[in-house]
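Data block below; observations after.
All residue numbers refer to positions in the sequence shown, counting from 1.
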Amino acid sequence: MLDGIRDAVRKFLGGSSSYDVAVEEFIKDLQKALISSDVQVKLVFSLTNKIKERLKNETPPSSIGRREWFIKVVYDELSALFGGDKEPDLNPKSLPWVIMLVGVQGTGKTTTAGKLAFFYKKRGYKVALVGADVYRPAALEQLQQIGKQINVPVYGEPGNHGAVGIAMRGVERFLKDKYELIIVDTAGRHGYGEEAKLLDEMRDIFEKIKPNEVVLVIDAAIGQKAFDLAKKFHEASNVGSIIITKMDGTAKGGGALSAVSATGAPIKFIGVGEKIDELEVFNPRRFVARILG
Ligand code: GDP
């Protein structure tokens with residue numbers, strides 16, 4: 001992931017050009033690496049402008065060389081884009097807490113619903129799942145199977161295509177039964193293949209069930225589409241946090257950065273495999289360290 005940056009750092013630290021020339025070269029390499037990793041161009045320039053500004057306004061401390069200091073500035077600014085030193089806030093702020101998952105089909109939404117249920121069950125919460133993805137035929141069965149595996153109840157209405165009603169009745173039923181954390185899986189594609197209809201449905205579910213948190217699930221491989229997609233979901237349902245799936249794959253993952261900037265929402269978890277426990281808490285610094293090598 002973002003290998004180009006790693007190479008640029010190596011070249012910068014080991015290079016023989018003068019500091020000023022090396023900085024210029026590094027910034028160009030960084031821009032190229034970020035853009036080719038699907039980070040939005042506007043975001044890339046705002047990042048590199050911030051770095052340049054700090055170079056102009058700050059004096060490196062005498063304890064470290066200025067090349068090392070420069071890399072630290074880059075590291076800080078990249079981490080800041082992903083939330084900096086703030087640990088993601090994982091525990092529900094109040095109970096009961098209703099989470100609505102949104103995202104396009106195939107990103108791993110249903111799998112992630114199960115992973116989240118498992119994560120919070122292990123933390124001691126009374127968790128339930130609602131299957132409102134009515135357009136993908138096997139989605140409910142898949143969720144029911146996961147539910148059985150982790151011993152979490154799943155609400156669904158096989159054969160019923162009214163996603164909004166299912167979501168409402170599911171949430172209502174689990175609230176009545178005093179469940180503390182209710183996770184609603186929604187559709188990633190509409191029956192008529194129209195994006196506008198899907199987004200209308202998201203908005204409708206959002207307004208009816210009034211979730212405490214909308215989680216946007218996106219695939220690490222989404223690429224340049226990430227910004228627009230995240231923005232559309234955000235407009236329909238006020239995205240509060242992000243989960244990036246398939247971080248174990250070969251995808252560059254730069255789209256994550258765009259999704260963060262489109263929604264202003266923090267990344268909370270990353271999916272690192274197909275299994276129920278393959279969900280990691282997102283750590284901005286570790287993520288950037290991985291990028292910078
Ligand atoms: P949905 O259409 O968004 O509900 O997607 P699914 O939950 O059915 O997942 C689509 C595919 O992605 C399945 O084969 C999952 O096993 C796989 N998947 C989901 N999350 C991850 C992940 O973090 N890593 C990997 N490697 N595969 C994943």
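Under the 3.5 Å distance criterion, the side-chain polar atoms of Asp204 are left unmatched by any main-chain donor or acceptor of Asp200. The backbone N or O of Ile27 lies less than 3.5 Å from no partner atom in the side chain of Lys32, so there is not a single donor-acceptor pair.
Within a 6.0 Å radius of NZ in Lys52, other residues, nucleotides and ligands contribute more than 12 heavy atoms.
A heavy-atom distance below 4.5 Å is not found between the side chains of Leu81 and Val260. Proximity of Ile182 to Leu175: side-chain heavy atoms (C-beta onward) are separated by under 4.5 Å at one or more points. Residues Ile205 and Met100 have side chains in contact (heavy-atom distance under 4.5 Å, counting atoms from C-beta outward). Looking at heavy atoms from C-beta onward, Gln31 lies in side-chain contact with Phe45 at the 4.5 angstrom threshold.
Residue pairs meeting the salt bridge (Lys or Arg N to Asp or Glu O under 4.0 Å) criterion with at least one member in residues 128-151, sequence neighbours excluded, are Asp133-Arg136.
For the salt bridge (Lys or Arg N to Asp or Glu O under 4.0 Å) test, residues two or more places apart in sequence or in another chain that qualify with Lys11 are Asp29.
Heavy-atom minimum distance, Ser241 versus Val239: O-CG1, 3.4 Å. The shortest non-hydrogen separation linking Leu90 to Tyr120 is O-OH, 2.6 Å. Nearest approach of Leu129 to Phe174, heavy atoms of both residues: O-CE1, 3.3 Å. Nearest heavy atom pair, residue Lys115 against residue Glu278, reads NZ-O, 2.9 Å. Taking each heavy atom of Ala236 and Phe206 in turn, the nearest pair found is O-CD2, 4.1 Å.
Salt-bridge check for Asp7 with Arg10: passed, with a basic side-chain N closer than 4.0 Å to an acidic carboxylate O. Asp76 has a carboxylate O that lies under 4.0 Å from a charged side-chain N of Arg285, or vice versa, which qualifies the two as a salt bridge. In summary, Arg54 and Glu77 engage in a salt bridge, as defined by a charged side-chain N under 4.0 Å from a carboxylate O. Taking a cutoff of 4.0 Å between a charged side-chain nitrogen and a carboxylate oxygen, Glu235 and Lys231 qualify as a salt bridge. The residues Glu53 and Lys50 are annotated as not salt-bridged, no charged nitrogen and carboxylate oxygen being separated by less than 4.0 angstrom. The residues Lys268 and Glu213 are annotated as salt-bridged, a charged nitrogen and a carboxylate oxygen being separated by less than 4.0 angstrom.
One finds the CG atom of Leu216 at 11.0 Å from the CE atom of Met202 (value rounded to the nearest 0.5 Å).
Separation of the Tyr125 and Tyr179 ring centroids does not fall under the 6.0 Å cut-off.
Remark: Arg66 qualifies as a cation-pi partner of Tyr19 under the 6.0 Å distance and 45° angle criteria applied to the six-membered ring.
Ring geometry, Tyr135 versus His161: the interplanar angle exceeds 60°, so the pair is classed perpendicular (tilted spans 30 to 60°).
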Quiz prompt | salt bridge (Lys or Arg N to Asp or Glu O under 4.0 Å) evaluation trace for Asp228 with Lys232 | solution = CA-CA 6 Å; Asp228 285 340; Lys232 281 182 193 154; 6.0 Å; no
